[in-house]
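Position 1 is the first residue of the sequence, and the numbers go up from there. As the structure lists them, so they are numbered: ligands from 1, and atoms in each ligand from 1.
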Amino acid sequence: MKLFILVALFGLSLAQHNPNFKHGRTSIVHLFEWRWADIAQECERFLGPKGFGGVQISPPHEHVLVSDPWRPWWQRYQPVSYKLCSRSGSEAELKDMITRCNKVGVNIYVDTLINHMCKTFSGTGTHSSCGSWFDAGNRDFPSVPYSSWDFNDQKCKTSSGNIENYGDKYQVRDCRLDNLLDLALEKEYVRGKVAEYMNKLIDIGVAGFRMDACKHMWPGDLSVVYGRLKNLNTQWFPSGSRPFIYQEVIDLGGEAISSNEYVSLGRVTEFKYGAKLGEVFRKWNNQKLSYTKNWGEGWGFMANGNALVFTDNHDNQRGHGAGGASILTFWDPRLYKMAVGYMLAHPYGVTRVMSSYRWDRNIVNGQDKNDWIGPPSNGDGSTKPVIVNSDQTCGNGWVCEHRWRQITNMVIFRNVVNGQPQSNWWDNQGNQVAFGRGNRGFIVFNNEDWDLNVTLNTGLPGGTYCDVISGQKEGSRCTGKQVSVGGDGCATFSISGKDVDPFIAIHADSKL
Ligand code: AAO
């Protein structure tokens, strides 16, 4: 009987590694700080038709309203209750968005905070996104309800009550992260409250959760909470589907806590991935693209089946969290498109594409003094809607990297080659590389200052293919470059080192 229970639990946790994607879709886009109404429209007009697998949405719970600095993006990482009204919209708007996205095959993954509530010095009052009263100083959150019994103040052993040393796993888990009131997740009552919150989202129709700050929670407590989650709503998912769980654990090595402690519970964010990918494309520390021949576990990343990967995220694109200066973002578009293209072409991990907003950076001594600036907003602090221009780019300050042709088309590339192994690797022992995905796709990069001219075995059937980086196949023609593949699978690739996008990608669905 015991063995049966163990096998059942193991099976349960393995299922939590599955994103529950529909129709062979493979990628998540993080629509950071988008309003629910805008996400619903984007699902219907773009993400569904283009084959995106899902959207990571910003935390939907009630959060504190911070006035100094004025309405920072990170106020949403300071919960006041689990009421579903936030900067992105109301509960009704959230429900409408989840239904409309599910209807077009786009899953919703919720950025979920169960480690803490708001900052200990957030004061008393109704400065919260739904107007709930709270008293942070006395740990009084009547809208949950939580009281001082439900926090780790007594358990933490540091004098400040905050984490002071990441080398001490007890501090990291039992003390406040940056003054944020640390919930006592070992308590049955607290476990019940957070599971109730997550199950309400499952009932509404979400496909899974991005679990915030998992390093700061004991794996055993998380395991109990995940075990209390319902199967997904059968209106949208096959019976018995488990919520997809991906856990934020920043592990670049050298600390007391490692990602490995969490991989049995669900996937884990692999922060080494973006940090190294940035180094490689920037050619820092003598890195070369040709060294990525063994990209993935060969570079010390976690096992492929446990990894959630990304080039940048909402933290490290502005110097928060981890990854350092090597992280590539939309601010470096030429290298960024290549790095995201490489991530989407390579078989490693479940991929997440960042979609950002612009802000007025003010970098002093390598640090952005304006790293707190929130989304494009009106005078009253409400978030501006996303405007889509006639050329399909976004306005109103939204960057919409996911709509950049090179990135959109590589999301489609990943769908087309899904399940195919990496194949036909070539490199020039420098920064020119190429590889295929079985007989379904092939990509070539020239990250040198000089031209690339090479004939390679693509593994593809003979024919004429449209390059999906410089354009795409529209009807019976290519809007950009085209590549002729011979009956032997070989093709000649020419890429100028000065090309605005010095990479070419072709796949089975871009064949004329
Ligand atoms: C805000 C203010 C704070 C204030 C606080 C309370 O900024 O000054 O004290 O309110 O009033 C976000 C913002 C925070 C914000 C917070 C609450 O980023 O600035 O604080 O909302 O409003 C740690 C956690 C990780 C966390 C990251 C930011 O482990 O989970 O800090 N990320 C998530 C979210 C994030 C959010 C929160 C958590 C909180 O993605 O958006 O914060 O809900 C090391 C450790 C990491 C640690 C970092 C930063 O990283 O390993 O675990 O992340 O330090 O503290 C190299 C090292 C790398 C190291 C890194 C940075 O890369 O290799 O290990 O340097 O030192």
Side-chain angles (χ1 to χ4, degrees), residues 30 32-33 56-59 61 63-80 86-87 110-123 127-129 136-137 160-169 171-183 194 209-217 222 246-259 261-262 268-276 278-279 300 308 310 312-327 352 354 356 366-375:
H30 181 191
F32 181 53
E33 284 292 347
Q56 176 179 315
I57 66 172
S58 288
H61 56 248
H63 56 82
V64 71
L65 294 178
V66 174
S67 300
D68 179 19
W70 176 254
R71 305 291 185 259
W73 59 269
W74 40 256
Q75 64 181 7
R76 298 182 73 162
Y77 289 84
Q78 298 195 30
V80 165
S86 68
R87 189 174 203 162
V110 178
D111 195 349
T112 304
L113 281 75
I114 63 171
N115 173 63
H116 54 267
M117 297 301 276
C118 63
K119 174 173 80 171
T120 183
F121 311 113
S122 296
H127 45 297
S128 55
S129 53
S160 66
N162 285 332
I163 298 166
E164 296 167 358
N165 171 10
Y166 273 84
D168 175 345
K169 64 180 178 180
Q171 286 186 34
V172 175
R173 282 144 176 182
D174 298 338
C175 297
R176 293 193 297 264
L177 166 63
D178 248 351
N179 290 303
L180 298 166
L181 292 173
D182 201 56
L183 283 167
V194 298
F209 304 96
R210 179 256 184 196
M211 301 305 294
D212 181 72
C214 283
K215 178 187 282 190
H216 307 281
M217 296 181 276
L222 286 171
Y246 55 107
Q247 302 161 107
E248 189 224 7
V249 178
I250 294 178
D251 176 5
L252 296 178
E255 287 184 10
I257 292 167
S258 88
S259 306
E261 299 178 58
Y262 298 86
V268 179
T269 51
E270 180 50 275
F271 276 84
K272 295 172 187 165
Y273 190 98
K276 289 298 177 190
E279 265 188 36
L308 187 286
F310 43 97
D312 60 327
N313 79 342
H314 70 283
D315 276 331
N316 63 24
Q317 70 171 191
R318 48 178 48 79
H320 285 227
S326 73
I327 295 294
R352 182 182 64 195
M354 184 69 204
S356 319
Q367 191 188 348
D368 180 5
K369 297 296 183 191
N370 286 343
D371 62 358
W372 57 271
I373 290 181

Of all protein heavy atoms, the one nearest atom 33 (C) of ligand 1 is D212 OD1, 3.0 Å
Applying salt bridge (Lys or Arg N to Asp or Glu O under 4.0 Å) to E164 and not counting sequence neighbours gives none
Quick look: F271 vs ligand 1, heavy-atom contacts under 4.0 Å, and the answer is neither
Nearest non-hydrogen protein atom to atom 24 (C) of ligand 1, with distance, is H216 NE2, 3.2 Å
Those residues at least two apart in sequence (or on a different chain) that pass salt bridge (Lys or Arg N to Asp or Glu O under 4.0 Å) with R210 are D111, D212, E248
Candidates K215, H314, Q247; heavy atom nearest atom 52 (O) of ligand 1 found on K215
Spell out, as yes or no, whether a donor-acceptor pair under 3.5 Å connects the side chain of T269 to the backbone of F271. no
In terms of its nearest heavy atom to atom 61 (C) of ligand 1, the top option of P79, A322, G321 is G321
Residue, atom and distance of the protein heavy atom nearest atom 4 (C) of ligand 1 read D178 O, 3.9 Å
Quick look: N115 vs ligand 1, heavy-atom contacts under 4.0 Å, and the answer is neither
One finds that the ligand 1 atoms under 4.0 Å from a non-hydrogen atom of N179 are 9 (O)
If we number the atoms of ligand 1 from 1 as shown, the ones under 4.0 Å from a heavy atom of D315 are 18 (O), 28 (C), 32 (N), 33 (C), 34 (C), 35 (C), 40 (O), 41 (O)
The answer for which part of R210 has a heavy atom under 4.0 Å from ligand 1 is side chain
For atom 64 (O) of ligand 1, the closest protein heavy atom turns out to be E255 OE2, 3.3 Å
Ligand 1 to H116, heavy atom cutoff 4.0 Å, flagged ligand atoms 39 (C), 43 (O)
Within 4.0 Å of some non-hydrogen atom of G323, the atoms of ligand 1 are 62 (O)
Atoms of ligand 1 under 4.0 Å from any heavy atom of L113, numbered from 1 in the order shown, are 43 (O)
* **Within the 6.0 Å centroid threshold, strictly below: H61 and Y77** => no
- Ring-ring centroid check W73 H320, cutoff 6.0 Å: yes
Give a yes or no on whether the backbone of Q171 and the side-chain of D168 come within a donor-acceptor separation of less than 3.5 Å.
-> yes
Residues F310 and E270: closest non-hydrogen pair is CE2-N, 4.1 Å
Note: ligand 1 atoms sitting under 4.0 Å from heavy atoms of H320 are 13 (C), 14 (C), 18 (O), 19 (O)
Would you say atom 30 (O) of ligand 1 touches the protein, meaning some protein heavy atom is under 4.0 Å from it? yes
Consider ligand 1: state whether an atom of it lies below 4.0 angstrom from any non-hydrogen atom of R76.
no
| task | Keeping the roles fixed (side chain from D251, backbone from S259), state whether a donor-acceptor pair exists under 3.5 Å. | result | yes
| Protein non-hydrogen atom found under 4.0 Å from atom 22 (O) of ligand 1 | yes
Assess whether a salt bridge exists between R71 and E33, defined as any Lys/Arg side-chain N lying under 4.0 Å from an Asp/Glu carboxylate O. no
Counting from 1 in the order shown, the ligand 1 atoms closer than 4.0 Å to a non-hydrogen atom of A213 are 30 (O)
The answer for which part of F121 has a heavy atom under 4.0 Å from ligand 1 is neither
Salt bridge between E255 and K215, side-chain N to carboxylate O under 4.0 Å? yes
protein heavy-atom neighbour closest to atom 1 (C) of ligand 1 works out as W74 CE3, 3.6 Å
Report task. Apply side chain to side chain donor-acceptor pair (under 3.5 Å) to the pair R76 and S86, showing each step before the final yes or no. Result -> CA-CA 8 Å; R76 298 182 73 162; S86 68; 3.1 Å; yes
* Between S122 and Q78, is a side-chain contact (heavy atoms from CB on, under 4.5 Å) present by the stated rule, with each step listed? -> CA-CA 9 Å; S122 296; Q78 298 195 30; 3.7 Å; yes
Please check: side-chain N/O of Q75 versus main-chain N/O of V66, any donor-acceptor pairing under 3.5 Å? yes
Within the 4.0 Å heavy-atom cut-off, what N313 brings close to ligand 1 is neither
| query | So, the side chain of N316 versus the backbone of A322: is there a donor-acceptor pair under 3.5 Å, distance only? | reply | yes
of all protein heavy atoms, closest to atom 10 (O) of ligand 1 is Q78 NE2, 3.2 Å
If you scan protein heavy atoms around atom 25 (C) of ligand 1, the nearest is E248 OE2, 3.4 Å
Looking only at protein heavy atoms, what sits closest to atom 56 (C) of ligand 1 is L252 CD1, 4.3 Å
Quick note on ligand 1: atoms under 4.0 Å from a heavy atom of L180 include exactly 6 (C), 17 (C), 39 (C)
- Step by step, work out the side-chain contact (heavy atoms from CB on, under 4.5 Å) result for R173 and M217. CA-CA 5 Å; R173 282 144 176 182; M217 296 181 276; 5.7 Å; no
